[in-house]
Asks: 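Sharing a structure here in structure tokens format.
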Amino acid sequence: MNVTVTPALALGDDALILSHRLGEWIGHAPVLEEEVALANIALDLLGQARVLLSIAGDEDELAYLREERQFRNLQLVEQPNGDFAHTIARQLYFSTCQELLYEHLAAGGSELAPLAAKAVKEVAYHRDHAEQWTLRLGDGTEESHRRMQHGLDALWRFTGELFEPVDGLDVPWSALHDTWTTRIGSLLRRATLTVPEGPKSGAWTAGAGRQGLHTEPFGRMLAEMQHLHRSHPGATW
Amino acid sequence: MTTIAPDETALEAVFDATVAADERIEPRDWMPDAYRASLVRQIAQHAHSEIIGMQPEANWITRAPSLRRKAILMAKVQDEAGHGLYLYSAAETLGAGRDELLDMLHSGRQKYSSIFNYPTLTWADAGAIGWLVDGAAITNQVPLCRCSYGPYARAMVRVCKEESFHQRQGYELLLTLSRGTEAQRAMAQDAVDRWWWPSLMMFGPPDDESAHSAQSMAWKIKRHSNDELRQRFVDICVPQAEALGLTLPDPDLAWNDERGHWDFGPIDWAEFREVLKGNGPCNEERISRRRQAHEDGAWVREAAAAHAAKQGEATR
Ligand SMILES: [Fe+2]
Ligand SMILES: [Fe+2]
């Protein structure tokens, strides 16, 4: 399948893949309220993905018939769920960035503006949900503190890619990055957690999703996601 | 029989009159202990069924074959979690907390609907569950909207609205498969073949063997007998199956002009009892997974409680 790489495709893939990962939680969440909340976030993201991928082409062809190297999502969003703290860390990093990005896009005049304007309200909720849990887990028990810190540390190296320029998007990336760093820093301090050290970018493994290079777990995830659709070529569902 | 103190006789008369007048019993009203216990048992089993019922369908979320179907299925499973929440809240109004009830589920002292001990083997099973299992649930639950206990009746009004969405979506999923390729059609027929009889068992044992029915009817918790509801469900499904272009796996299905109902073949109650006893295809998996999720989440719930306690101290 030939695919033209556009901003809608890149952002659509982010939403699609993170939604899928969150969907894996359904039936396993630590408390019933979180079954509802995680599904809610997954559904919002899937809704965004469907709008964005439909701007880029046919949503189902793009989701189900592309090869791994043709996906343009950030490596952060494809990372396996890990424990609940790991999932919250991933969501915190992503939603904080997505909110800043969508606020900016909503104010602009690109074809993504209407979607961004609608989605930014959803994303604010996702970010708030992740912040509340970061506070609870960070300043909860010793075990939750350790797990939360571990999740933040483990995913830190994927955060540099959040602010790598996307071709065709006119966004002040480094300014957004600064705001993101400030917000994450003050939240983690309130949560009695430490801002991770170490590189956020540089190593190719942690920053090439936008070029179509992904991590090992991604292929397995796609195999599961795509197999039924691909087993029945041309069928309507 | 327990002896009733004189002042309880008066209270019981008020209770009986309220039920007789088809008015609602509310949490603060006096009610017989047996009425309370019977409601807790029924509402808890219902709540447990909602959350265990998430598993067979969640099994297909990550493999849903189109983004539209994926969104519908995720929203459906999310609704079931929501139903669990309303129902645990309804049980709470009777003094039965969620933690206590979950313990009863995890230790096998309370049950959930046996239907969820059957596996979802293909995508079409998501459709068959929506059409048949949600369909049977609606048939069972619509009369519960008039149940004598107010909080349960009100929860059922919300739940039934959503279940009827699920039923239509399941039907539409099967219709799409039935009109699709040969392989899709076969998948749909196979799913209906596997889910039809277990769905009929959802109404519970035949009336002459039903342990709790008579008292529940007297208290207006229940309004119709198991067999009446089962017949109603069969009568609804037969024409729907025909419209779907799928057959129901019962050679004895025949319209009975005299009764004005569809006759159907004998149900395998031995299978029902075995599944109820724990010997169904997925009993072990469903309850293990539920326990596992609960255990894995323990540190999260502890953290939330510890954090809330710290916040409470800070604002004091
Ligand atoms: Fe339900
Ligand atoms: Fe349902």
Side-chain angles (χ1 to χ4, degrees), chain A residues 16 19-40 42-43 46-47 49-50 53-54 59-60 62-64 83-85 88 132-133 135-145 147-148 221 224-237, chain B residues 47 50-52 54-71 73-82 84-85 88 98 102 122-123 173 176-177 179-181 183-184 187 289-290 292-311:
Chain A
L16 176 73
S19 160
H20 186 94
R21 284 297 190 203
L22 291 168
E24 293 174 350
W25 267 107
I26 300 176
H28 303 266
V31 55
L32 198 44
E33 283 80 359
E34 284 306 298
E35 296 281 8
V36 177
L38 294 171
N40 206 19
L43 276 166
L46 184 54
R50 295 183 64 192
L53 293 181
S54 297
E59 59 172 18
D60 284 338
L62 288 169
Y64 292 100
D83 65 10
F84 186 69
I88 292 298
Q132 295 309 316
W133 274 111
L135 290 167
R136 283 187 203 112
L137 299 180
D139 193 17
T141 64
E142 221 169 284
E143 179 179 11
S144 69
H145 179 90
R147 287 177 183 264
M148 191 66 222
M221 195 207 98
E224 182 173 340
M225 183 175 107
Q226 295 181 335
H227 104 273
L228 177 60
H229 185 98
R230 285 183 182 240
S231 302
H232 298 263
T236 305
W237 299 98
Chain B
E50 298 286 356
I51 63 168
I52 295 277
M54 294 169 71
Q55 289 183 33
E57 292 194 276
N59 185 34
W60 282 93
I61 287 175
T62 53
R63 292 177 289 171
S66 74
L67 297 186
R68 174 173 164 264
R69 292 288 176 200
K70 189 175 188 167
L73 185 59
M74 250 198 287
K76 186 197 167 182
V77 180
Q78 183 192 35
D79 284 348
E80 307 302 2
L85 282 174
Y88 286 118
R98 199 203 299 177
L102 284 174
T122 73
W123 168 249
L173 191 163
T176 307
L177 293 179
R179 290 174 175 172
T181 66
Q184 286 178 305
M187 197 189 278
R289 174 177 282 202
R290 178 87 268 296
Q292 189 69 51
H294 193 72
E295 282 165 23
D296 289 350
W299 69 269
V300 178
R301 298 189 300 275
E302 281 159 21
H307 181 76
K310 286 183 197 179
Q311 295 302 104

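Please read all numbers here as calculations on a predicted model, not as lab measurements. First the proteins, then the strands, lettered A, B, ... as listed; each starts at 1.
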Asks: Counting heavy-atom pairs under 4.5 Å with chain B, which one of A:E59, A:M221, A:Q226, A:R230 comes out on top?
Replies: A:E59
Asks: Identify which part of B:V300 has an atom lying under 4.5 Å from any heavy atom of chain A, answering side chain, backbone, both or neither.
Replies: both
Asks: With only heavy atoms counted, which part of B:I61 is less than 4.5 Å from chain A, the side chain, the backbone, both or neither?
Replies: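 For B:I61, the contact with chain A is made by the side chain alone.
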Asks: Measure up the A:Y64 and A:H229 rings against each other and bin them: parallel (under 30°), tilted (30 to 60°), perpendicular (over 60°).
Replies: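 A:Y64 vs A:H229 ring planes: parallel.
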Asks: Using a 4.5 angstrom heavy-atom cutoff, name the option from B:A305, B:A75, B:A298, B:G82 with the most pairs to chain A.
Replies: B:A75
Asks: Should B:W123 and B:L73 count as side-chain neighbours, where that means a heavy-atom distance under 4.5 Å?
Replies: yes
Asks: Among A:Q132, A:M148, A:R50, who wins on heavy-atom pairs under 4.5 Å with chain B?
Replies: A:R50
Asks: Tell me, side chain or backbone of B:R289 under 4.5 Å from chain A's heavy atoms, or both, or neither?
Replies: side chain
Asks: Can you check whether B:W299 reaches A:L137 side chain to side chain, under 4.5 Å on heavy atoms?
Replies: yes
Asks: Chain A: which of B:E302, B:Q184, B:R301, B:M54 shares the most heavy-atom pairs with it under 4.5 Å?
Replies: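 Top count of heavy-atom pairs under 4.5 Å with chain A: B:Q184.
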Asks: So, A:H145 side chain and A:D139 main chain: donor-acceptor pair closer than 3.5 Å or not?
Replies: no
Asks: Could you tell me which portion of A:L32 (side chain, backbone, both or neither) has an atom closer than 4.5 angstrom to a non-hydrogen atom of chain B?
Replies: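 For A:L32, heavy atoms of backbone and side chain both lie under 4.5 Å from chain B.
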Asks: For a 4.5 angstrom cut-off between non-hydrogen side-chain atoms, does B:P65 reach B:W60?
Replies: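 No, every pair of side-chain atoms sits at 4.5 Å or beyond.
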Asks: Taking salt bridge (Lys or Arg N to Asp or Glu O under 4.0 Å) as the definition, give me every residue that meets it alongside B:R63, ordered by chain and number, with sequence neighbours left out.
Replies: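 B:R63 satisfies salt bridge (Lys or Arg N to Asp or Glu O under 4.0 Å) with no other residue.
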Asks: A:I26 versus B:M74: any side-chain heavy-atom pair under 4.5 Å?
Replies: yes
Asks: With a 4.5 Å cut-off on heavy-atom pairs, point out which of B:V77, B:D79, B:L67 contacts chain A the most.
Replies: B:L67
Asks: When you look at CZ of B:R179, are more than 12 heavy atoms from neighbouring residues, nucleotides or ligands closer to it than 6.0 Å?
Replies: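 For B:R179, atom CZ is not crowded (no more than 12 foreign heavy atoms under 6.0 Å).
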Asks: Between B:T62 and chain A, with a heavy-atom cut-off of 4.5 Å, which part of the residue counts as in contact: side chain, backbone, both or neither?
Replies: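 Answer is both: backbone and side chain atoms of B:T62 are under 4.5 Å from chain A.
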Asks: Quick one: what part of A:L53 sits under 4.5 Å from any heavy atom of chain B, side chain, backbone, both or neither?
Replies: side chain
Asks: Answer with side chain, backbone, both or neither: which region of A:H227 has an atom nearer than 4.5 Å to a non-hydrogen atom of chain B?
Replies: side chain
Asks: Side chains of B:E80 and A:E35, heavy atoms from C-beta outward: is any pair under 4.5 Å?
Replies: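 A side-chain contact under 4.5 Å is absent here.
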Asks: Look at A:E33, A:E34, A:R21 and state which one has the largest set of heavy-atom pairs under 4.5 Å with chain B.
Replies: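 The residue among A:E33, A:E34, A:R21 with the greatest pair count is A:E33.
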Asks: If you look at every heavy atom in A:H28 and A:E24, which pair is closest and at what distance?
Replies: CD2-O, 3.5 Å
Asks: Could you list the residues that satisfy salt bridge (Lys or Arg N to Asp or Glu O under 4.0 Å) with A:D83, not counting sequence neighbours?
Replies: A:R147
Asks: Please name the pair of heavy atoms, one in B:R69 and one in A:W237, separated by the smallest distance, quoted to 0.1 Å.
Replies: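 Taking every non-hydrogen atom into account, NE-O, 2.5 Å.
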Asks: Using non-hydrogen atoms and a 4.5 Å limit, figure out which bit of A:H232 sits close to chain B: side chain, backbone, both or neither.
Replies: side chain
Asks: Tell me, for A:A29 versus chain B, whether the close heavy atoms (under 4.5 Å) come from the side chain, the backbone, both or neither.
Replies: backbone
Asks: Measure B:L177 against the heavy atoms of chain A and call it side chain, backbone, both or neither at under 4.5 Å.
Replies: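 Contact with chain A: side chain only.
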Asks: Can you tell me which of B:L85, B:L102, B:I52, B:L173 forms the most heavy-atom pairs within a distance under 4.5 Å of chain A?
Replies: B:L85
Asks: Tell me, out of B:R68, B:R290, B:E295, who's got the most heavy-atom pairs with chain A below 4.5 Å.
Replies: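 That would be B:R68.
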Asks: Between chain A and each of B:A306, B:S66, B:A64, B:A58, count heavy-atom pairs under 4.5 Å; write down the option with the most.
Replies: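 Among the listed options, the one with the most contacts to chain A is B:S66.
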